[in-house]
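All values below come from the heavy atoms of this structure, side chains included, with hydrogens, waters and symmetry mates left out. For reference, positions follow the sequence shown, starting with 1.
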Amino acid sequence: MFKSVFARYMIAFMAIILVSFSILAMIVGTIVKSHSEATTEADLSRIAQSVDYLLKSSYSESSYGSMGEFVRNEHTTIDKMVSAITRYSKDMFVIIISPDGNLLYADSTLPEGYIGGNSAGALSPDDLVSRFDADGSDFGGLLPEKHYNYAIPLPDSVSPECVIFACTSLSYTAGVVGSLNRMILMASMWVMIAAIIASYFISERIVRPIRAMSRAAKSFASGRFDVRVPVIGDNEISELAMAFNNMASSLATIEETRSTFLANVSHDLRTPMTTISGYIDGILDGAIPPEKQSYYLSIVASEVRRLSRLVSSLLDISRIEAGERKFKMQTFYICEMARQVLISFETRIEQKGLDVSFECDNEREYVIADKDAIHQILYNICDNAVKFSKNGGKYALKITENYKKIYVSVYNEGEGIAPDDLPHIFDRFYKGDKSRGKDKTGVGLGMYIAKTIIDAHNESITVNSKQGQYCEFVFTLKKAAKQGQ
């Protein structure tokens, strides 16, 4: 039940709201209670002092021998004074108690039976003359509950004849605090309802694309890579959705290249094997006469070498991807290597009548790299350049130095690379010449191997081409600090 995002959001929001409103209720209740007590104390003090003043004035004009006698006998006069003073003070009343705890006067506004008896019991002097008491007092059971009180002795002396108490019930302040708490509780309930609704929409906004990703992932598992997740908004979830869609596109591309690779490899394996099988069978059953057997055996040998190159490329890829191929860094002359590679294509260059140029800034230019790996890259690029050059076209091999980097450039005029193929030219298993009109021997691994080797040297390789006009591959190497061989 509590595993869903919505449930967890709801629980988190409700816990935060409950804690926040509880702390708020406690703080506000304390403030209100303190303010109410201070206000009540001020009102009780005003009433008690007013009664004290009027009683003293009336007593001084009377013929009674003591204040106690005056209070016991002049209830009507005192009622009028107290009524005039407490008229606008809700729930406040006055009682007067003798030092021995006897009730001398009770406010006439009190309900009948509110006073429990005529005596407050054995009260200490501190109880009789105490000022405002935050805990309240019931005067030893005289009142049915505890009351706030403010006391003034009459007359003002160490041993008073009687004490005036202005009182009010504790329930007033408790009622104010209770009402406030109820208001906070109602507010918290409304906020919780709003939080539940907000949690639902927020969690749904977050979970919806995640559900879509889950469904898409299941589709990927079944081999369908055309499913995409809708991207809504501009936040972390939308960024995740875009990343997921990019991953899906990459998987679809990999699947497409894998299928293309399998088709290419199947074709490149089947064609030479069919040729070899046919010619061998022809020789064995006598269909090919002895004088032509040498010619057809040379074709068989060529097809075997083609198979060997294919297997070698596949093994090279496996070693590179498994991290088993180690590169041995050494210093060597790149210009000399480039010259030797160019000479190896002399026959094919002459057959096409290519206009060849070779440039090297420094004949003794030397680099630090794996010599065999760089030779493999350079040979592969030069081979492709000759293969796709037009008859009589320009063919250039150039080596330059710039900022302690050696740049090796191979340029040819010919059919170039299509704009759609250009971004994928270094992809694994990618073969731009899908019709096999020119590239009858490759399997789309040469440029991927070249890119992987160059990356392992922490260098770069780029291609620039215009379809139907030219193509140029450029890769960099680290310039050596000393001469090599």
Side-chain angles (χ1 to χ4, degrees), residues 332-367 369 371 373-427 430-442 444-455 457 459-479:
F332 61 91
Y333 292 109
I334 187 63
C335 291
E336 181 62 25
M337 176 186 286
R339 187 179 291 105
Q340 293 174 359
V341 170
L342 189 59
I343 291 173
S344 68
F345 295 106
E346 182 177 3
T347 302
R348 293 170 58 192
I349 289 173
E350 289 179 354
Q351 289 175 352
K352 284 197 167 187
L354 301 180
D355 179 13
V356 179
S357 66
F358 178 78
E359 297 181 32
C360 190
D361 287 352
N362 184 354
E363 287 295 328
R364 307 290 288 177
E365 201 76 78
Y366 43 93
V367 296
K371 190 174 182 178
I374 300 304
H375 185 278
Q376 178 183 358
I377 294 172
L378 189 56
Y379 186 92
N380 194 0
I381 295 175
C382 289
D383 178 54
N384 287 338
V386 174
K387 185 187 303 180
F388 294 104
S389 291
K390 65 181 181 180
N391 292 334
K394 184 177 180 181
Y395 183 96
L397 181 55
K398 186 176 181 181
I399 300 173
T400 58
E401 176 186 354
N402 189 14
Y403 295 106
K404 297 183 179 181
K405 292 284 186 182
I406 301 301
Y407 290 79
V408 182
S409 168
V410 180
Y411 173 92
N412 74 289
E413 290 180 345
E415 51 189 85
I417 301 173
D420 292 341
D421 293 329
L422 204 57
H424 307 288
I425 202 66
F426 295 110
D427 288 355
Y430 192 80
K431 188 175 175 67
D433 184 29
K434 299 176 179 61
S435 66
R436 301 179 175 272
K438 294 287 185 181
D439 190 4
K440 299 179 182 297
T441 60
L445 296 175
M447 289 298 100
Y448 172 74
I449 294 174
K451 181 73 165 57
T452 304
I453 292 174
I454 290 296
D455 288 344
H457 283 71
E459 300 296 335
S460 63
I461 182 170
T462 57
V463 59
N464 184 26
S465 179
K466 190 169 184 180
Q467 190 174 16
Q469 297 186 20
Y470 71 90
C471 180
E472 181 181 25
F473 282 88
V474 180
F475 64 90
T476 64
L477 295 171
K478 182 180 180 181
K479 180 177 173 64

To the nearest 0.5 Å, how far apart are CD1 in Ile334 and NZ in Lys371?
-> 10.0 Å
So which pairs with a foot in residues 332-362 pass disulfide (SG to SG under 2.5 Å), sequence neighbours left out?
-> Cys335-Cys360
ring-ring contact (aromatic ring centres under 6.0 Å, His included) against Tyr379, all qualifying residues, sequence neighbours excluded | Phe345
Under the salt bridge (charged side-chain N to carboxylate O under 4.0 Å, His left out) rule, what pairs show up with a residue in residues 334-344, not counting sequence neighbours?
-> Glu336-Arg339, Arg339-Glu363
Looking at residues at least two apart in the chain, or sitting in another chain, which of them share a side chain to side chain contact (heavy atoms under 4.5 Å, CB included) with Glu346?
-> Ile343, Glu350
Taking Lys394 for the side chain and Ser357 for the main chain, is one N or O donor matched with an acceptor at less than 3.5 Å?
-> no
Hey, what do you get for OH (Tyr448) to CD1 (Ile453), rounding to the nearest 0.5 Å?
-> 11.0 Å
Distance col, row Ile406:CD1 vs Lys404:NZ, nearest 0.5 angstrom, shows 12.0 Å
Ile349 side chain near Leu342 side chain, heavy-atom distance below 4.5 Å = yes
For Lys479, the salt bridge (Lys or Arg N to Asp or Glu O under 4.0 Å) test, sequence neighbours excluded, returns Glu365, Glu401
Residues in side chain to side chain donor-acceptor pair (under 3.5 Å) with Ser465, at least two apart?
-> none
ring-ring contact (aromatic ring centres under 6.0 Å, His included) filter on Tyr411, not counting sequence neighbours, yields Tyr470
What pairs with Cys382 under disulfide bond (SG atoms under 2.5 Å apart), at least two apart in sequence or on another chain?
-> none
Nearest heavy-atom pair of Leu354 and Gly392: which atoms, and what distance?
-> CD2-N, 4.2 Å
Could you pull out all residues at least two apart from Ala450 that satisfy side chain to side chain contact (heavy atoms under 4.5 Å, CB included)?
-> Ile377, Ile461
Calculate, to the nearest 0.5 Å, the distance between atoms OH and CD1 belonging to Tyr407 and Ile399 respectively.
-> 14.0 Å
Under the side chain to side chain contact (heavy atoms under 4.5 Å, CB included) test, which residues partner Ala369, sequence neighbours left out?
-> Phe332, Ile374, His457, Leu477
How about Asp355 and Glu413: do any of their side-chain heavy atoms sit closer than 4.5 Å?
-> no
What are the two closest non-hydrogen atoms of Leu378 and Ala338, and how far apart are they?
-> CD2-CA, 3.6 Å
Would you please test Val463 and Leu422 for side chain to side chain contact (heavy atoms under 4.5 Å, CB included) and show each step?
-> CA-CA 8 Å; Val463 59; Leu422 204 57; 3.8 Å; yes
What residues, two or more places apart in sequence or in another chain, satisfy salt bridge (Lys or Arg N to Asp or Glu O under 4.0 Å) together with Asp455?
-> Lys451
Heavy-atom closest pair (Pro419 atom, Gln467 atom, distance to 0.1 Å) is CD-OE1, 3.4 Å
Smallest separation among heavy atoms of Ala385 and Val410, with atom names = CB-CG1, 3.8 Å
Got a second to check how far Gln376's CD is from Ile381's CD1, nearest 0.5 Å?
-> 10.5 Å
Does Lys405 have any salt bridge (Lys or Arg N to Asp or Glu O under 4.0 Å) partners at least two apart in sequence or in another chain, and if so, which?
-> Glu459
NZ of Lys352 to NZ of Lys390, rounded to nearest 0.5 Å, is 11.5 Å
Heavy atoms of Met447 and Ile425 approach each other most closely as CB-O, 3.2 Å
